[in-house]
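Below is one structure, written out as structure tokens; the observations come after it.
Side-chain atoms are counted along with the backbone in the values below, which use heavy atoms only and exclude waters and symmetry mates. Within every chain, numbering begins at 1; the chains are lettered A, B, ... in the order of the sequence lines, protein sequences first and strands thereafter.
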2 protein chains.
Amino acid sequence: MTIARHTDVREPANGDHPRCRLRDILDRVGDKWSVLVMDLLGGGPKRYSELQRAIEGISQRMLTLTLRSLERDGLVERTVTPTSPPRVDYALTPVGRTLSAQVAGLITWAEQHREYVAAARLRYDAP
Amino acid sequence: MTIARHTDVREPANGDHPRCRLRDILDRVGDKWSVLVMDLLGGGPKRYSELQRAIEGISQRMLTLTLRSLERDGLVERTVTPTSPPRVDYALTPVGRTLSAQVAGLITWAEQHREYVAAARLRYDAP
DNA sequence: CAGAATCCAACCGGATACTG
DNA sequence: CAGTATCCGGTTGGATTCTG
């Protein structure tokens, strides 16, 4: 949920508690757009504008912030071709691909259990 | 992301676009505590107070909201033993266990790549 | 013990305008 | 084209208080 802010103030000091590692990866994967971007890049490198059109609903600001954050974590690589107008390509790094593989598992789960969850909600909300 | 609100207003009407399914599962898994709770329950049923002590940092409010939301989605089952004082146990449902298995994959990923990400951040933040 | 209710700060992210 | 900068509203979630 936290796209890297420049003042990255975190909890006290228990750095490698297992739950903190979990927190880290959730923060990495849990924000609004990162997984969507990684999923798209899983299909091969894309230009900035391709991503923007493909994701539909993402603002320029959030696309940039998301890509910067993924790049910072070594999950996405940014390649600038200094033509005019400039061209910028984004691609998953090898480690980025391993994460996107995990994410693919989640997506599969979502598709397999979509109806179950919907039905459970209806039952719960009934009164 | 979104712990179920009672007014659950979502996007327009393209209900089963693949990206919306992804959105759904991200909303389910991406909030601050759900995965942590599911992970703990993966180790067996727990009482409310056990969860609260184990998670450390979660507020009563959020623990309750998180459990309710998981219960609503059919991922967690709530069992009340009407003694005095009351006793309430929470356990994963079978489907909840399948999700928690996926989540376990993410956790493993996080542990395996924790240092890589930390190093990448240092490099990126250097200048 | 296991919550429900209220209040409120921080933060996330959208809209908009501007640039090399 | 690929961003950056600024403003700003809605949501998330923490603190606190009260209850059966």
Side-chain angles (χ1 to χ4, degrees), chain A residues 1-12 23 26-37 41 45-72 76-91, chain B residues 1-12 23 26-37 41 45-72 76-91:
Chain A
M1 316 175 278
T2 311
I3 292 241
R5 289 301 179 242
H6 290 293
T7 55
D8 201 30
V9 181
R10 292 200 184 274
E11 302 293 275
R23 197 47 321 126
L26 289 179
D27 287 353
R28 168 66 286 162
V29 141
D31 67 282
K32 191 166 180 184
W33 301 109
S34 288
V35 166
L36 247 25
V37 169
L41 290 181
K46 302 262 181 306
R47 299 183 59 172
Y48 184 90
S49 48
E50 289 185 276
L51 290 171
Q52 190 168 10
R53 264 178 288 105
I55 297 191
E56 170 198 21
I58 195 170
S59 62
Q60 250 176 356
R61 169 188 149 84
M62 287 316 296
L63 179 54
T64 299
L65 282 178
T66 302
L67 287 168
R68 288 286 179 279
S69 174
L70 290 169
E71 188 194 358
R72 181 170 107 105
V76 157
E77 188 183 23
R78 180 169 177 267
T79 309
V80 184
T81 310
T83 56
S84 174
R87 174 196 176 106
V88 182
D89 288 272
Y90 292 90
Chain B
M1 331 266 352
T2 312
I3 292 241
R5 293 296 179 245
H6 290 293
T7 54
D8 202 29
V9 181
R10 293 199 185 276
E11 302 293 276
R23 196 52 315 126
L26 288 179
D27 286 353
R28 167 67 285 163
V29 140
D31 67 283
K32 191 166 179 184
W33 302 109
S34 288
V35 167
L36 247 25
V37 169
L41 290 180
K46 303 261 180 307
R47 299 183 58 172
Y48 183 91
S49 48
E50 289 185 276
L51 290 171
Q52 188 167 11
R53 266 179 288 103
I55 296 191
E56 170 199 20
I58 196 172
S59 63
Q60 248 177 0
R61 171 187 149 84
M62 286 317 296
L63 180 54
T64 299
L65 282 178
T66 302
L67 287 167
R68 289 285 179 281
S69 174
L70 290 169
E71 187 192 1
R72 182 169 104 106
V76 157
E77 189 184 23
R78 179 168 178 269
T79 309
V80 184
T81 312
T83 55
S84 173
R87 173 197 176 107
V88 182
D89 288 271
Y90 291 91

Using whole Å, what does the distance between atom [atom2] of nucleotide [N] and atom [atom1] of [X] come to?
X      : N       : atom1 : atom2 : answer
L65(A) : dG13(C) : CG    : P     : 9 Å
L51(B) : dC1(C)  : CG    : C1'   : 13 Å
E71(B) : dA2(C)  : CD    : P     : 15 Å
L26(B) : dC12(C) : CG    : P     : 17 Å
I58(B) : dG13(D) : CD1   : C1'   : 10 Å
D31(A) : dG13(D) : CG    : P     : 13 Å
M62(A) : dC12(C) : CE    : P     : 9 Å
D27(B) : dT12(D) : CG    : C1'   : 13 Å

#### Entry: Short side-chain to backbone donor-acceptor contact, R23(A) and K32(B), under 3.5 Å
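Side chain of R23(A) to backbone of K32(B), a donor-acceptor pair under 3.5 Å: yes, one is there.
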### Backbone of R68(B) reached by a side-chain donor or acceptor of R78(B) within 3.5 Å
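Pair absent, no side-chain N/O of R78(B) close to backbone of R68(B).
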### Task
For Y48(B) and L67(B), work out which heavy atoms get closest and say how close.
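Closest pair (atom of Y48(B), atom of L67(B), distance): CD1-CD1, 4.0 Å.
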### Message
Let me confirm one number: the CZ-CZ distance from R47(B) to R53(B), rounded to the nearest 0.5 Å.
### Response
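One finds 8.5 Å between CZ of R47(B) and CZ of R53(B).
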### Task
Drop me the distance from L36(A)'s CG to E56(A)'s CD, to the nearest 0.5 angstrom.
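Answer rounded to 0.5 Å: 10.5 Å.
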Short N/O separations, protein against nucleotides 2-5 of chain D, under 3.5 angstrom:
from	atom 1	to	atom 2	distance (Å)
dA2(D)	OP1	R47(A)	NE	3.1
dA2(D)	OP1	R47(A)	NH2	3.1
dA2(D)	OP1	V88(A)	N	3.3
dA2(D)	OP2	S49(A)	N	2.9
dA2(D)	OP2	S49(A)	OG	2.6
dG3(D)	OP1	R68(A)	NH2	3.2
dG3(D)	OP1	R78(A)	NE	3.3
dG3(D)	OP1	R78(A)	NH2	2.6
dG3(D)	OP2	Y90(A)	OH	2.6
dG3(D)	N7	Q60(A)	OE1	3.3
dG3(D)	N7	Q60(A)	NE2	3.0
dG3(D)	O6	Q60(A)	OE1	3.1

### Task
Run through L41(A), V76(A), L65(A) and flag the one making a side-chain contact (heavy atoms from CB on, under 4.5 Å) with L70(A).
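Answer after filtering L41(A), V76(A), L65(A): V76(A).
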